[in-house]
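Reading through the structure tokens given below for one structure.
Reminder, nothing fancy here: chain letters follow the sequence lines and each chain counts from 1. Model, not experiment: these values are computed from the prediction.
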Amino acid sequence: MKKLADEGQPAKSELLKENVKENEVRRSEATMTEHDPLYSDRLAKLLRWRDKGIDPFTVTKFDCSHLASEIVSSFESLQGQTVRVAGRLTAFRAHGKLTFADLVDSSGRIQLMVRINTVGEEAYQQFGELDTGDIIGVEGVVTKTRTGEVTIEVFKFWLLAKALRPLPEKWHGLKDVEVRYRQRYLDLISNPEVRELFVKRSKIIQAIRRFLDERGFIEVETPILQPVYGGALARPFITHHNALDMDLYLRIAPELYLKRLIVGGFDKVYEIGRNFRNEGVDSRHNPEFTMLEAYQAYADYHDIMKLTEEMIAFVAQTVLGTTTIVYQEHTIDLTPPWRRVSLMEALKEFTGIDFREFRSDDEKARKIGKELGLSVEPTDHWGRVLDEALKKKVVPNLIQPTFLIDYPVEISPLAKRKPDDPTMTERFQGFIGGLEVANAFSELNDPIDQRERFEMQQKLRERGDTEAHPLDWDFVTALEYGMPPTGGLGIGIDRLTMLLTNSPSIREVILFPLLRPEE
RNA sequence: GCGCCGGUAGCUCAGUCGGCAGAGCACCGGACUUUUAAUCCGGGGGUCGCAGGUUCGAUUCCUGCCCGGCGCACCA
């Protein structure tokens, strides 16, 4: 058998000699400055490879014939054949002149077997120099061991990248939550279930796209940097554009741009993208989060409710193979149709209070809010107290999928009024497992009403409400050209992912959640 | 912002009622050609989150700070 390291590696050259010379310098530097023995040990190994003319970091590619899992699943047809796979070494079991090792690639794990009388003494010794964490490519024959495990008997291998730092422990994995978030790559390497979670997240988004694409929606991209933010009630991040010397806002929602597209004649549009809200961080909020917004012309909120429940059931069915999910201690059935309850009825059910009885009496609202144990500010108005009661008293009880419908106009500045009760809007929110996952309405398309609502928000702003909706004249202008009756929907992808992966915290479903920098 | 909990070896964790800092895995050396948390023998590895204070002596007690988790509050 051929010895390691001739083929697949760069030919020796002047460059190489220089590298070796450089290595001498680096080696002494390393031994002098690097005090971590685990690190310096691995660095020394790297330098030894280089001394032998093998520099893993000069390798630019490796052709694989199979993924690890393919070899295992197609053993019958691959037995005895030569295959090439690449991945990270995660474990060694050395037995003198025979070594087993585990190789992990994106598909899973496969066992390698290296025998001294197959690869030769020099290569066998070099294999022994490898560390867990190193990335290698191998060529070998598919076989089964005595215990029946599908294994590649290696006759050639290439070091493709050296790991200078050791991996977290193989058995317990990486548990330190802080390290898991700060160095997510380690989390992904050591905790397969985390990797699976993020694959699932990708599939959830894929399924949403498929669902909407099949219904004739087109996916669009609208500005993230916005001169006027809007579409939600939240505080924005502010940034600055130097060339135009203007402040810009990171969007808190894409809503107003998507509705401009409805004005422009796209009847079904959606966007999946990041929103930014300058608010606190907790287990349900990250300052940047992913939202789906979809708009359908000539539809109302009843159509959107149908769309929402069908979409989420479809996503669950596609990704999980079932519409019955387990979230924390609850078993939840996502099968449509979902329960529909009027917001006011729900408030009455869980607080015993009929908010309609003191609609214009802010003072009484604050008093009742306090009685309910809510935090109430002296400036709070009726709608604010109602919203607080909804979040604290009602939402935590909405475990099975529920649409709360018909929201007061005071807290819905972009939603169309109900024809039979202009103080209420055709708005709903969807709740699952005590989480708000959807917010939707028949879109307000009356430019005069929209302008008045903006002006109302402006008054709130002047009174110090930093989350009031800003005035967007350009959007009003768009409405003045005529927007068809339209239903719109927003779904929090992170929260939906939490539900479908049974994750208690939003940080578990965001690859790199916001943390304070170390030190 | 408040409360509770946590931060000890690369990782997972013990521990010290104030007196030389521990285990397993990982690592290094040795044995071993079918293991799979391989095994056996030997070895090295620590700013006990950071800074002060008390003390003969602090990883341990006290104070402050940093980072994180959970809950509450704020944002609303």
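To the nearest whole angstrom, the two P atoms, one in B/G44 and one in B/U59, are 24 Å apart. Across the P atoms, B/G46 and B/C61 are found 24 Å apart, a figure rounded to whole Å. Look at the P atom in both B/G42 and B/C25: the space between them is 13 Å, to the nearest Å.
Residues A/Tyr181 and A/Phe512 keep their aromatic ring centres 6.0 Å or farther apart. Between A/Phe428 and A/Phe403, the gap from one ring centroid to the other is short of 6.0 Å.
Taking side-chain N and O atoms only, A/Arg146 has no distance below 4.0 Å to OP1 or OP2 of B/A38. Not one side-chain nitrogen or oxygen of A/Lys170 sits closer than 4.0 Å to the OP1 or OP2 atom of B/C25. Between A/Arg93 and B/A38 there is a side-chain N or O to OP1 or OP2 distance below 4.0 Å. Considering only side-chain N and O atoms, A/Arg165 lies nowhere under 4.0 angstrom from the phosphate OP1 or OP2 of B/G10.
Shown here, B/A14 forms no base pair; nothing in the strands shown gives a Watson-Crick or G-U wobble contact with both key distances under 3.5 Å. When both distances must be under 3.5 Å, the Watson-Crick or G-U wobble mate of B/U55 does not exist.
Checked against B/A26, B/A73, B/U34, the side chain of A/Leu38 finds its nearest nucleotide in B/A26. You'll find that the side chain of A/Leu515 is closest to B/G69, out of B/C75, B/G69, B/A38. Closest approach to the A/Lys175 side chain among B/U12, B/C75, B/U33 is made by B/U12 (side chain taken as heavy atoms from C-beta onward). Nearest nucleotide to the side chain of A/Glu169, out of B/G45, B/U35, B/G24: B/G24. With B/C28, B/U35, B/C67 as the candidates, the nucleotide lying closest to the side chain of A/Asp41 is B/C28.
Along RNA chain B, the nucleotide nearest A/Pro166 and the nucleotide nearest A/Thr145 are compared for position; the residue whose nucleotide lies closer to the 5' end is A/Pro166.
In this model, a side-chain donor or acceptor of A/Gln111 finds a partner on the base of B/U35 within 3.5 Å.
Contacts of A/Lys45 with the nucleic acid, taken as non-hydrogen atoms under 4.0 Å apart, involve only primed sugar atoms and P, OP1 or OP2.
Look at CZ on A/Arg516: it is 13 Å from P on B/C65, rounded to the nearest Å. Taking atom CZ on A/Arg42 and atom P on B/C27, their separation rounds to 7 Å, with Å as the unit. One atom, CZ of A/Arg109, and another, P of B/U35, lie 14 Å apart when rounded to the nearest Å. Here B/A26 presents its C1' atom at 14 Å from CG of A/Leu174, a figure rounded to the nearest Å. At whole-Å resolution of the value, CG in A/Leu112 and P in B/U34 are 17 Å apart. As a whole-Å value, the separation of A/Asp176 CG from B/C5 P is 19 Å.
Side-chain atoms of A/Arg427 and A/Ser412 include a donor-acceptor pair closer than 3.5 Å. For A/Tyr229 and A/Asn275, the side-chain atoms include no donor-acceptor pair closer than 3.5 Å.
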Salt bridge (charged side-chain N to carboxylate O under 4.0 Å, His left out) between A/Lys416 and A/Glu426: does it pass, once the steps are laid out?
CA-CA 6 Å; A/Lys416 183 179 266 185; A/Glu426 291 199 346; over 6 Å; no

